[in-house]
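Hydrogens, waters and symmetry mates are skipped; everything else that's a heavy atom, side chains included, is used. Residue indices begin at 1 and follow the sequence shown.
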Amino acid sequence: MIAARLRHPLAVLAAALLVLPFAMRAIGMTDGVATEIVIFGLVGLGFNLLLGYTGLVSFGHGAFFGLAAYAAALLQIHRLPGHVLAPIVFGTLVAAALGLLIGFLALRRRGVYFSLLTLAFTAMIFSIVFRWTSFTGGENGLRGMTRRSLLGLVGIEDQLRFYYVTAGIALLAAWALWRVVHSPLGRVLQAIRENERRARFLGYPVQRYKLIAFTLSAAVTGLGGCLFAFLKVFVSADLVHVAFSGEILAMSIMGGMGHFLGPPLGGAFFILFREILSEYTAAWQFWFGLLFMAFILFSPSGLIGLGSRLLAPLRRHREEEAAMAARVTPRPRQEVPAFLCGAPRAPGALLECRRLTKRFGDFTAVDGVDLALADRRLHALIGPNGAGKTTLFNVVSGMYPSEGGQLLLAGQRLDGLPPERVVAHGLARSFQITNLFPALTVEENLRLGAQARDPRRFDAWRPYTSLATVSEETRALVEFLGLEGLEGVPVSSLSYGGQRLLELGLALSARPRVLLLDEPLAGLAAAERERITALVRRLTEHMAVLLVEHDIDRVFAFADRITVMNEGRVVVDGPCAEVREHPKVHEVYLGRGRDVLFADAARAAPTRGGAAVLRVAGIDTYYGKSHILHEVSLEVGAGEVVGLLGRNGAGKSSTLKSVMGLVAPARGRIEFAGREVGGHTPEEIARHGIGLVPQGRRLFPNLTVAENLELGRLRRRAGDGIRWEAGRIFEFFPRIRERLDSKAETLSGGEQQMVAIARALSGNLKLLLLDEPFEGLAPAVRETIFVSLDRLRREVPILIVEHDLDLVLALADRVYVLDRGRITHEGPAAPLRADREMRRQVLWV
């Protein structure tokens, strides 16, 4: 306990401030240099609240530093001669007021535009200060400041005394900032840094939080400027120059942004580097620039990260299993958390869409949709890819404004409201592609969701863990989702199945009356699908659920009512039995049926594997300290399709990443076409002739289809693989020819999957890796992809990861089964395809 307190950042900072002046004297520096280090450390703490914790890059914080210094100097010289404390307070308030004003304007834009606006403000302010000679002194600056005493009690003309006064103020400010970053407000700032959109869909008014952070950061930076003015008893226009803002940014990055003590360490390093090197050369900034570039290239986590790497060999490392291996098996028949129950049942329709319309230019994605969702009902929304289902979700949830129609929840109009206000009315959603806070833990993700409903969510002082109701709701959600044992695991290390569970949990943390679920079963193994299905059925006892899902068998099995969309319009709406038999549904959505599809595939001549194209021998792969793959071995022969099966978190995608060089195995060999490729970079492996279609497609959204295909071909023209020209690709995917000039982001999910496969084929190819190629596709589109892959097997060997067991077993010649990173079964696919009992035993489904 005592050792932990001594390692606390504030204790470390206090000890450093105590000994700093003596350390400076020991190396020939003055107390003034020590004071300057403390001031720039204070500025780094304030700037880190914006950069490290909120993720906003400002190029204008030098303006707050300099203007606060001018305000303090002008007040003392012209109104309060001899006073110190009042000018410091006044200058800090001026910086805070300017931060509020500039932040209100600049935060209307995001990303680089926000940064450029802060840069423009700083350049404008420098011009004013430099040219307003009668007021600011212009290039000559302001002189005549004094620092005789503080409150008439402490004489601070002595440099060492002023150092300790400055150090005390800095330590007090650091303590206050520590409280802020560990408060409910501070946790929201970190959520905004990780995923601003998700924070809005939890119900947080993101702009207000960012403005608070910007204002506080400006105030602390201004406090540093006031202290600097009294240190030098002189103020010049250099303090508001753009270059000085760049130095503040460089110090924070070099120290280690995001770590509480990183920027103060960077400030100390900058001052010492400047003082020492300037004794030898006037070009010290040139050498600092080279050093800064070296940090960006080789240690982006700054001095803190460099120190961690240097000390790593001295620390004990505990090997861990993959995240989902620690999961406790959920208890059956677990009740829905109490905070989600008790809302009165709404008579009639709870959610209504009346002639709702959304256009993107000349394209009408949602065209006059009428939909009524009753309370305590599961209403499914189905249709082919590109029908407008997700766009309708985006309009209903507030992501997009509608161009016409009305949206009502319990009789209240919601159309035109932003997401945070829609959530506040009781409508929450999940996303088709998991949309979480990846660097935060499972518990922190769920706590953020629960905290959004708490009246103390703007509290900037009390510890975030002190909100008892939030803690209770977070614990209840962890148990309901079956994520016990994973509370402290970063979300980025969860398996895909774990992330899908957490995606549902974040939506539930908003205490919704209406829950929108966008393909919650996509990419899940059979056991996980059953788990999610059971959770959703229990939830409908307490809320209305609107579901988009392509697992059509489950939809017809558990939905109360179904609406079918096509080309932005509702084509059928009614009970499940009626919709299932409707001819229009078969025409646009269901296709010929799986039995016909599998019969066609079975009539094809059986494929015999030739010489091994890919041989993986005993690889072990780690993510940090987590041991993901354990001595995995497999082969893919010429002319065959090999399936890689297993539950979520088993290591299937990690195996593909290891083969592709995206993750380097710690041990084992990977041979491709007779050569060792283990340890090669992904681009080298791609040029050898391996094409990867990743889960989620990962197209370049702002490029056209033709440009995506060309990028897949550029560096893969040599070699002895199969030559895939555009005309040949169109034979397998004719739909691509029609969309060559369309941007990838405008394609339907099925079209995007076709383009992703075509991009991997482009160039010279010897092996195709497919990660969940049927995920999120409508039945008719799955048929198209299946038939194309069944034809491709005659051209190129395929290694496929897929959770739709019927599809992958009908396509594959052989399979390997992974469980917790180990191969537990290998053999032909036919027995698993024909024998359901054997499938259950081998795959645990």
Side-chain angles (χ1 to χ4, degrees), residues 604-621 628-646 650-680 682 684-694 719-722 760-761 764-773 789-790 792-802 805 808-833 838-839 842-843:
T607 303
R608 285 181 169 273
V613 175
L614 174 70
R615 180 176 289 111
V616 178
I619 63 169
D620 285 82
T621 298
I628 305 299
L629 301 181
H630 301 259
E631 298 183 354
V632 168
S633 299
L634 58 86
E635 289 187 3
V636 180
E640 70 173 346
V641 177
V642 174
L644 190 58
L645 312 180
K652 306 180 299 300
S653 293
S654 297
T655 302
L656 297 189
K657 290 178 181 178
S658 298
V659 171
M660 201 65 203
L662 296 168
V663 181
R667 289 179 290 274
R669 289 177 58 83
I670 300 176
E671 294 181 5
F672 173 65
R675 73 176 77 185
E676 168 68 25
V677 296
H680 289 204
E684 291 173 334
I685 293 173
R687 288 196 291 270
H688 288 324
I690 300 181
L692 171 66
V693 181
D720 56 355
I722 299 174
L761 291 173
N764 289 45
L765 194 74
K766 301 176 187 175
L767 175 66
L768 182 62
L769 309 181
L770 299 172
D771 196 355
E772 304 286 354
L789 295 179
D790 198 32
L792 277 174
R793 67 192 302 154
R794 301 172 178 85
E795 308 284 348
V796 61
I798 298 173
L799 177 61
I800 180 172
V801 168
E802 175 57 51
L805 295 179
V808 71
L809 291 174
L811 193 63
D813 303 296
R814 294 187 301 111
V815 297
Y816 292 87
V817 177
L818 273 167
D819 184 33
R820 302 194 181 199
R822 294 177 171 86
I823 296 290
T824 57
H825 173 84
E826 60 178 287
L832 289 173
R833 182 165 59 242
M838 179 183 179
R839 187 188 301 189
V842 169
L843 292 167

Does the side chain of Leu811 come within less than 4.5 Å of Leu789's, by heavy atoms?
yes
Do any N or O atoms from the side chain of Lys652 and from the backbone of Gly646 form a donor-acceptor pair under 3.5 angstrom?
yes
Suppose we screen for side chain to side chain donor-acceptor pair (under 3.5 Å). Which residues come up paired with Glu676, at least two apart in sequence or across chains?
Arg669
Say you draw a straight line from CG of Leu768 to CD of Glu795; how long is it, rounded to the nearest 0.5 Å?
12.0 Å
Work out which heavy atom in Val808 is nearest to a heavy atom in Glu802; give both atom names and the distance.
CB-CB, 4.0 Å
Looking at every heavy atom in both Gly637 and Pro797, which two are closest together, and how far apart are they?
O-CB, 3.5 Å
Distance col, row Ile823:CD1 vs Leu644:CG, nearest 0.5 angstrom, shows 6.0 Å
How long is the gap from CG on Leu770 to CG on Leu656, to the nearest 0.5 Å?
8.5 Å
Find the distance between CG (Leu832) and CE (Met838) and round it off to the nearest 0.5 Å.
4.5 Å
Measure the shortest side-chain to side-chain distance between Leu761 and Leu792 over non-hydrogen atoms and say whether it is less than 4.5 angstrom.
yes
Indicate the atoms forming the closest heavy-atom contact of Val677 with His688, along with that distance.
CG1-CD2, 3.8 Å
Please identify which of these residues, Ile800, Leu614, Leu799, meets the side chain to side chain contact (heavy atoms under 4.5 Å, CB included) condition with Val642.
Leu799
To the nearest 0.5 Å, what is the distance between CD on Glu826 and CD on Glu635?
8.5 Å
Could you give the distance from NE2 (His630) to CG (Leu818), rounded to the nearest 0.5 Å?
10.5 Å
Applying salt bridge (charged side-chain N to carboxylate O under 4.0 Å, His left out) to Arg822 and Asp819, what does each step give before you reach the verdict?
CA-CA 5 Å; Arg822 294 177 171 86; Asp819 184 33; over 6 Å; no
Heavy-atom side-chain proximity of Val693 to Pro773 below 4.5 angstrom
no
Would you say that Leu692 contacts Leu662 through its side chain, given a criterion of any heavy-atom pair below 4.5 Å between the two side chains?
yes
Minimum heavy-atom distance Val632-Gly821, with the two atoms named:
CG2-O, 3.4 Å
Testing the 3.5 Å rule here: is there a donor-acceptor pair between the side chains of Ser658 and Thr621?
yes
Atom of Asp813, atom of Gly639 and distance for their closest heavy-atom approach:
OD2-O, 4.4 Å
Can you confirm whether Phe672 sits close enough to Leu767 that some side-chain heavy atom of one is under 4.5 Å from a side-chain heavy atom of the other?
yes
If you look at every heavy atom in Gly691 and Leu765, which pair is closest and at what distance?
N-CD1, 3.3 Å
